Each structure stands twice: as structure tokens, then as C-alpha cells.
Amino acid sequence: MSTLKLGQMILKDCDESRWRLADYEARGGYQVLRRILTENWSQERVIEEVKTSALRGRGGAGFPTGLKWSFMPRQFPGEKYVVCNSDEGEPGTFKDRDILRYNPHSVIEGMIIAGYAMGASCGYNYIHGEIFEVYERFEEALEEARRAGYLGENILGSGFHFELYAHHGYGAYICGEETALLESIEGKKGQPRFKPPFPASYGLYGKPTTINNTETFASVPFLLAMGGEQFLHLGKPNNGGMKIFSVSGHVNRPGNYEIPMGTPFSELLELAGGVRGGRKLKAVIPGGSSAPVVPGDVMMECTMDYDSIAQAGSMLGSGAVIVMDETTCMVKALERLSYFYYEESCGQCTPCREGTGWLYRIVHRIEHGQGRVEDLELLESATSNIMGRTICALGDAASMPVQSFIKHFRDEFLYHIEHKRCLVPPEVQWAGSDIYVEA
Amino acid sequence: MLSPEALARIDREIAKYPAGQKQSAVMAALRIAQEEKGWLSEETIAFVADYLEMPPVAVYEVATFYNMYDLAPVGKYKLTVCTNLPCALSGGYHAAEHLKERLGIDFNETTPDGLFTLKEGECMGACGDAPVLLVNNHRMCCRMTRERLDALLETLKRQATENTQ
């Protein structure tokens, strides 16, 4: 069953029955790679085009891709790696799964071009273990690309050599953090590394490595085909291109929508069929569970790009839009998210390992009618003792929902503490979040 | 300890990585071992360690860190239901409650006939398809209404009977 609703670039004209090499080639696939190799483009020219396009990392951080590529010591000999982060486990995000199952060759072509531009001859795609069937399909797509001469020795007679493999996760959210992901490929526990050194100087097996998200790599062939300038103009300044938004929660048509950067949120909500049952929009998490929650009325004024969402006090993140209607209990919603971070903390840094447990237990007791008035202050103090004191961003990711839920829905938390129950009656909450299948 | 077929599959995984980096294949090797044995016993872990020339404790660390590995026996069918927030907003809890009621077990329990184990899962990256569950880690079932959940249980029960006959 397809979650794909609207594809304007990567997800255009592809689906469950049109993911194979022949389909991709019929859509113009591998033409850009062919051009680069036969016209003998310089590495700098590829990187400059990517810079011009203002493509920013689609995994969540939004770092400029061209700039990241320029950090690689490409002029120096020795093995270098290109790694794709398809460990998509940020609650609310489900775009990379659709890219990989409907258009896997766009990722493969993007990675080959990245390898060419950065002087790497080997790549790995790290795929979330929970989408194992997608991993198996990606392996099939790799086999097709090898047979067609797009991977391996002397690609298309150019003398360029690049090999690409798939590696699967097996249930650890933290491996979406790029250095934890590298540890995981090396066959270890996925615990993040200290930075610096950054992967561009010390990455996989200690070699220079660049890690990009699935959607970032998949965008590369498209942006090079149309030119960086044109790609930029699809979106808005500093926020180039198309972006896939994963819309989940209380909407009539949950799914992936690939639309220009800078599209008003209200339009995206309309594409997703609006709020279910004609109910009122209460809140939106606009960039995956780690992004601060935004009240519905503020969200309705935003456009979907890095800068507008940042102005609203949140992050575009991975483009995962979690929609909550008026039947949602914000304390219960936060309790579930806090449990997630507690469960997924890798345990390496004390503030995160212990702090995420504190956050979960305090929110849990508020939700279960055992909260104390001083708990809100305690939560704020706990978050400020976690943030900025850990090796990776999981501690911050656990703290930002807590801070923003309390900031915007303080009354609801206080009501829980004072009245030992929720403002939204339980039967209403359950009705709003029952199993939903669109008509 | 593992079948020649399983070892051949592990060898194909080892070949993906540079010489001297056999350890990189440990996640796949444990997955393949679990597919064959049903779960990962200490003997199985030690065998994988020996095969990949790793200290057993390093393999054990990996097996305990990633939550799709089972370090104790599970039912013939392990059902993992996502209840994370996006799923919960679209029936994740309802689906889990329905399964608990039908199977007469809670999370982390196995039915007395040994057929089903129920687990609560974290985000599987398929939130638009909620409610979502995994059968034995690798098969994802999407948009699971109560009718679909019942049909799935019936199919699996039938499969199990056919396999034993």
C-alpha cells in the first residue's frame, strides 16, 4: 500500500511497480552520471553546482551539502568513503522509506556522483533495520546497477571506480547520529564519537568520510540535471529545491508530500486532507519528534522551510509533520515521546542516560495524577542540565519537546497536577486517536 | 552450529567490507543466526564470535545493544507493535490493546501454545501507515484495522498448523 501522495521530483512517476533500473532510466535516470563522466567534469564543478543549489541536508540538521562535500580532502590519495544515512527512526519521519522503495536508483546515482566529486571509491547505505524489506529491495537495485556497469571498475569506460553496499541496522534510534552510524558499520555498539575530529578527516575505519541523508543524495541527480540555479529557484533563497514532508497524526490523508520549499503550512495541511473529523488543530511538531512543538494557530502562519520554522521557535528538521487535534492530551503526548528518548539513550553520557529517565518519570507521574507543583520547575532544571552537556544531540532532542510542551501548554500541565486528571476527557482522547483508515 | 547455507550468507556479508574488517559483518551475522535459530543463545553468540574472529564479549555487546535481537526464546511469531506518538495518534494503542485482548497476553509475554509473543516497538519509520506492526522483525504490516489484525492472526495460526503437519 502506498503512502505516497504527491511527488514532484524524487517521488515523481514512481511507485511499487516502477522502481527498477529500466523505469529509472526511462525517467532520465543515470543521464547526469553519464554526462559528468563523458564530459569529464572536474570535482570542483560538481561541488560548485551543489553549493549554488542551496541544497541543505535533508536528514534534520539542514547543513549545506555543497559545503560539507568541500570539506573532504579529495586531492589526497588513500581510501575515502561516502555513507548514506537511511537509518530513519525519528518519530514522524517516513520519507526515506518511500524514496528507497520507489526510487532506489536515484540514491545510488546520487552516491556515485558524490563519490566522484569527493574522490571516494566506496560507499555504504545504512538502512533502518525495521524496514528490512526495503533493505532487500535496495540490494536488488544495487545488483541491477552493477550489471548495467554503473557500479564497479571503470564505470561507463571512464576509468572511475566506485563500489556501493547496503548495511542494515537492527533497532537503535541512536544510529541515525552519524558517528554512531559509523561505529555501527564497524560492527560495534552504536555509541556516538567525540567531535572533532569530524568524519571528513576521521570517519569510517578512520578514513575521510562524508555522510548524507537519503533524500539529500537522491536530490543530487535532479539538481545537476536542471542546474543548481534552477533547483534553488524551486524553493526560496537559502532554502533551495523540493522537499518531502511526511505528514502523520490527525489528518485525513497521512503520507509523503513532495512540494517546493517555502510552501505555506496551510496548503500542506490541505493536501493531507485537513484535520480529521473536521476537528480543530491544536498543535504541530513540524520537524520530527525532536523539534519543539508549535501551537496550531502559529503554525498556520508558517511556510515550510528552514528559516520560517526557525522563526516560529522550532526546526524544519527532517520535514516530519506530526499533526495533533483538539482531542490530544499534551501531557500524554509528551509522556510517550519522553519514554522514547529514555528507551533510546545509548547510555554513554551521564546527563542523557540519567536525565532522560528523570524526564520520563516526572512527566509520567504528572500524567498519572501524582504530579507536584514544583515538577514543572524540576523538568526545566533537568533539561538545562542535559542540554549541551552530552557528546551527541540525543540529550537535546529529549529536552526540546519537554521545554516546548511546557512553554506552550503550561495550563494543561498545571491542570493535571492540580486536578489529577486531564482537561480532555479520556473517552474523547481515545475517540480522536482510534485506528484510522482513510476512505 | 549454523548451517552451511547460513555460513554462505554470512560470507557474502563479510565480502562487503575491506580486508581485515570482518567485524563489520557482525550485525548481519547475528541476524542470519537468529533467523535460523529463532533467538540468540550464548552458544550462538560464541559461535558467531569465533567465525568472525571477535572476542565473544564484543559480539554480546552488539547483540544486547540493538533491540531486534532476541536474547531469550520468543514465540513462533513475534509481533512488534509501534506505539510511538505518531502511531498512537492513529490507533497504535488501540491496535496493541486489540492484540492483547485477542491473544490474552500483555507486552513481553508469549501465548501458552508458544505461537505468539507481543512486543511494544519504537518508531519503525512508517508513521503514515499507522497502525504498523512487524512480524518476526522483517515483515511489516501496515494500516492494521481490527479486521486486518484478526485476519493476520488467523493466517499465522493456519500457517503454523500447516507447518507442523
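Remember, predicted model here, so these are calculated numbers, not experimental data.
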Enquirer: Determine the option with the most heavy-atom pairs under 4.5 angstrom with chain A, choosing from B:Val59, B:Val26, B:Asn67.
Expert: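 Among the listed options, the one with the most contacts to chain A is B:Asn67.
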Enquirer: Identify which of B:Met124, B:Lys16, B:Glu13 forms the greatest number of heavy-atom pairs closer than 4.5 Å to chain A.
Expert: B:Lys16
Enquirer: Please name all residues satisfying side chain to side chain contact (heavy atoms under 4.5 Å, CB included) with B:Met27, sequence neighbours left out, ordered by chain then number.
Expert: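 By the side chain to side chain contact (heavy atoms under 4.5 Å, CB included) rule, B:Met27 matches A:Tyr126, A:His167, A:Tyr170, A:Ser184, B:Val62, B:Tyr66, B:Tyr69.
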Enquirer: If you count heavy-atom pairs under 4.5 Å between each of B:Met144, B:Arg31, B:Arg146 and chain A, which one has the most?
Expert: B:Arg31
Enquirer: Examine distances only and state if a side-chain atom of A:Glu133 and a backbone atom of B:Met140 form a donor-acceptor pair shorter than 3.5 Å.
Expert: yes
Enquirer: For B:Cys127 and A:Pro91, work out which heavy atoms get closest and say how close.
Expert: SG-C, 4.4 Å
Enquirer: Sort by residue number and list every member of residues 40-58 of chain B having a non-hydrogen atom under 4.5 Å from chain A.
Expert: B:Met54
Enquirer: Which residues in residues 81-107 of chain B have a heavy atom less than 4.5 Å from any heavy atom of chain A?
Expert: B:Thr83, B:Asn84, B:Leu85, B:Pro86, B:Ala88, B:Leu89, B:Ser90, B:Gly91, B:Tyr93, B:His94, B:Ala95
Enquirer: Heavy-atom distance under 4.5 Å between the side chains of A:Gln191 and B:Phe65, does that happen here?
Expert: yes
Enquirer: Kindly say whether the aromatic ring centers of A:Tyr165 and B:Tyr17 come within a distance under 6.0 Å.
Expert: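 Between B:Tyr17 and A:Tyr165, which both carry aromatic rings, the centre distance is not below 6.0 Å.
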Enquirer: Should the pair A:Glu139-B:Arg12 be classified as a salt bridge under the 4.0 Å nitrogen-to-oxygen rule?
Expert: no
Enquirer: Who passes salt bridge (Lys or Arg N to Asp or Glu O under 4.0 Å) against A:Glu79, sequence neighbours left out?
Expert: none
Enquirer: Kindly determine whether A:Tyr124 and B:Ser24 satisfy side chain to side chain donor-acceptor pair (under 3.5 Å), including the steps that lead there.
Expert: CA-CA 11 Å; A:Tyr124 291 95; B:Ser24 283; over 6 Å; no
